[in-house]
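For reference, the structure discussed in these notes is given below.
These numbers come from the heavy atoms of this one structure, side chains and all, not from hydrogens, waters or symmetry mates.
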Amino acid sequence: MESPKYLSINNLKITIFQAYLFWENIDKNLQNIGLRLSMGVKEKTDLIVLPEMFNTGFSMNASALAEEMGGKTMRWMAEAAKKYDCVITGSLIIHENNNFYNRMIWMLPDGTHEHYDKQHLFGMGEEDKTYTAGTKRVTVELKGWKIRLAICYDLRFPVFLRNKEEEAYDILLIIASWPDKRISHWKTLIPARAIENQSYVVAVNRVGHDGNEVYHSGHSMCIEAYGNTIYYKPEDEDLYTFGISYEELIKVRRSFPFLKDGDNFSLS
């Protein structure tokens, strides 16, 4: 899994925003997040991570809230990425080809972008009746780090997230609107994914009640490949920057190289 050039890969600075989201209010969310970033990003960072559907909350009101790929929120993300000279990521509701997608945008400072469409839609919340599922896994690169993108319910499917040689990653990046009533699952599955895949897991949740009176308690975290906690924050809105080390990741993989003994399988 390791790169032969790992010694040239620098540590990564990641800023997460465990945000309170204003229900179905795009302008207010963009204004609030922009203000918090301007007040809280005090050092150079490589990546800013926002929660799932950060501009609306986790809403099924797609017909009223969806934007095109060149819409207001995409323009806001491009401006923010340029302002802070870093990548900014989070998901929003996108309308494309007569379908709605829960789409995670990976916006670069030069305005170019990649995206991942949520593949596992939460049927119990009727997300599958509103949105179209993505059809491919997406791994992006940042300063030599390979980063797998994932959204919320994806966390429950370990085969989908398996770290395999042909599509290896160093960080599993999960954004979410994960409810407090199942937060014990969140707190268990994230360290499990880090340990079983020998990768960092960066998981960013929201806080507060949504328009359906569902409470979200945050518990955003970063877990390193041996299962130890680098960052963890329950309950409160939080904007925080931390660093992760590629050298430490390689040490874990070299000291206990079990991934090579894993089962062979493929996903269609």
Side-chain angles (χ1 to χ4, degrees), residues 12-59 61 64-94 102-113 115 142 149 151-152 173-180 202-222 230-243:
L12 206 62
K13 282 288 187 69
I14 299 174
T15 300
I16 68 95
F17 186 23
Q18 178 171 280
Y20 175 86
L21 302 179
F22 297 93
W23 185 244
E24 297 185 347
N25 193 327
I26 294 174
D27 289 337
K28 196 168 184 179
N29 281 310
L30 297 184
Q31 181 182 27
N32 178 60
I33 294 169
L35 178 62
R36 289 298 309 274
L37 292 179
S38 67
M39 295 173 60
V41 179
K42 301 299 186 182
E43 58 184 301
K44 181 67 177 71
T45 188
D46 299 304
L47 173 63
I48 295 172
V49 187
L50 306 176
E52 179 182 21
M53 294 193 188
F54 68 89
N55 65 338
T56 60
F58 185 65
S59 172
N61 192 13
L65 299 171
E67 300 183 26
E68 306 295 325
M69 282 296 281
K72 176 190 300 185
T73 301
M74 289 288 289
R75 295 195 299 272
W76 179 91
M77 293 183 79
E79 291 170 2
K82 181 179 180 180
K83 177 179 179 179
Y84 296 104
D85 189 28
C86 70
V87 172
I88 187 166
T89 190
S91 86
L92 62 149
I93 304 168
I94 291 291
N102 184 348
R103 180 167 290 178
M104 186 174 182
I105 304 296
W106 181 262
M107 180 67 72
L108 279 69
D110 65 2
T112 61
H113 53 81
H115 71 263
L142 179 59
L149 305 182
I151 303 176
C152 202
L173 179 59
I174 302 167
I175 58 173
S177 292
W178 197 282
D180 178 69
V202 176
V204 179
N205 197 19
R206 61 158 295 179
V207 292
H209 289 87
D210 67 16
N212 298 311
E213 289 304 309
V214 175
Y215 178 61
H216 303 80
S217 57
H219 296 266
S220 298
M221 65 184 84
C222 175
I230 292 175
Y231 166 80
Y232 174 68
K233 182 68 175 180
E235 300 298 340
D236 301 319
E237 190 174 69
D238 193 40
L239 180 72
Y240 188 78
T241 299
F242 56 87

Pairwise distance [atom1]([X]) to [atom2]([Y]) - rounded to 0.5 angstrom:
| X | Y | atom1 | atom2 | result |
| --- | --- | --- | --- | --- |
| Leu92 | Ile26 | CG | CD1 | 8.0 Å |
| Ile175 | Asn205 | CD1 | CG | 10.5 Å |
| Thr56 | Leu65 | OG1 | CG | 5.5 Å |
| Met221 | Ile16 | CE | CD1 | 11.0 Å |
| Asp180 | His209 | CG | NE2 | 8.5 Å |
| Met104 | Ile174 | CE | CD1 | 9.0 Å |

For residues [X] and [Y], determine if any side-chain heavy atom of one lies less than 4.5 Å from a side-chain heavy atom of the other.
| X | Y | value |
| --- | --- | --- |
| Asn55 | Leu30 | yes |
| Ile88 | Leu50 | yes |
| Met69 | Ile105 | yes |
| Cys86 | Leu47 | no |
| Phe22 | Gln31 | no |
| Trp106 | His115 | no |
| His216 | Leu21 | no |

Which heavy-atom pair separates Pro51 from Ala19 by the least distance, and what is that distance?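 Nearest heavy atoms, Pro51 then Ala19: CG-N, 4.1 Å.
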
Which atom of His219 lies closest to which atom of Pro234, heavy atoms considered: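 It is CE1-CB, 3.3 Å.
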
Can you label the angle between the Tyr231 ring and the Tyr240 ring as parallel, tilted or perpendicular, going by 30° and 60°?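 Parallel.
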
Indicate whether any N or O donor in one side chain lies under 3.5 Å from an N or O acceptor in the other, for Thr112 and Asp110.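 Yes, a side-chain donor-acceptor pair sits under 3.5 Å.
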
Using only atom types and a distance under 3.5 Å, with no angle test, would you say the side chain of [X] pairs donor to acceptor with the backbone of [Y]?
| X | Y | result |
| --- | --- | --- |
| Glu67 | Lys72 | yes |
| Asp210 | Asn212 | yes |
| Glu24 | Gly57 | no |

Pairwise side chain to side chain donor-acceptor pair (under 3.5 Å) hits with a residue in residues 76-91, at least two apart: Ser91-Asn102

Is there a side-chain contact (heavy atoms from CB on, under 4.5 Å) between Glu68 and Met74 once you walk through the steps? CA-CA 8 Å; Glu68 306 295 325; Met74 289 288 289; over 6 Å; no

Lys28 atom NZ, neighbour heavy-atom count above 12 within 6.0 Å: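 At most 12 heavy atoms, drawn from other residues, nucleotides or ligands, come within 6.0 Å of this atom.
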
Mind checking salt bridge (charged side-chain N to carboxylate O under 4.0 Å, His left out) for Glu43 and listing every partner two or more places apart, or none if nothing turns up? Lys13

For Arg36, what residues pass the side-chain contact (heavy atoms from CB on, under 4.5 Å) criterion, not counting sequence neighbours?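 side-chain contact (heavy atoms from CB on, under 4.5 Å) check on Arg36 returns Phe17, Asn32, Glu237, Leu239.
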
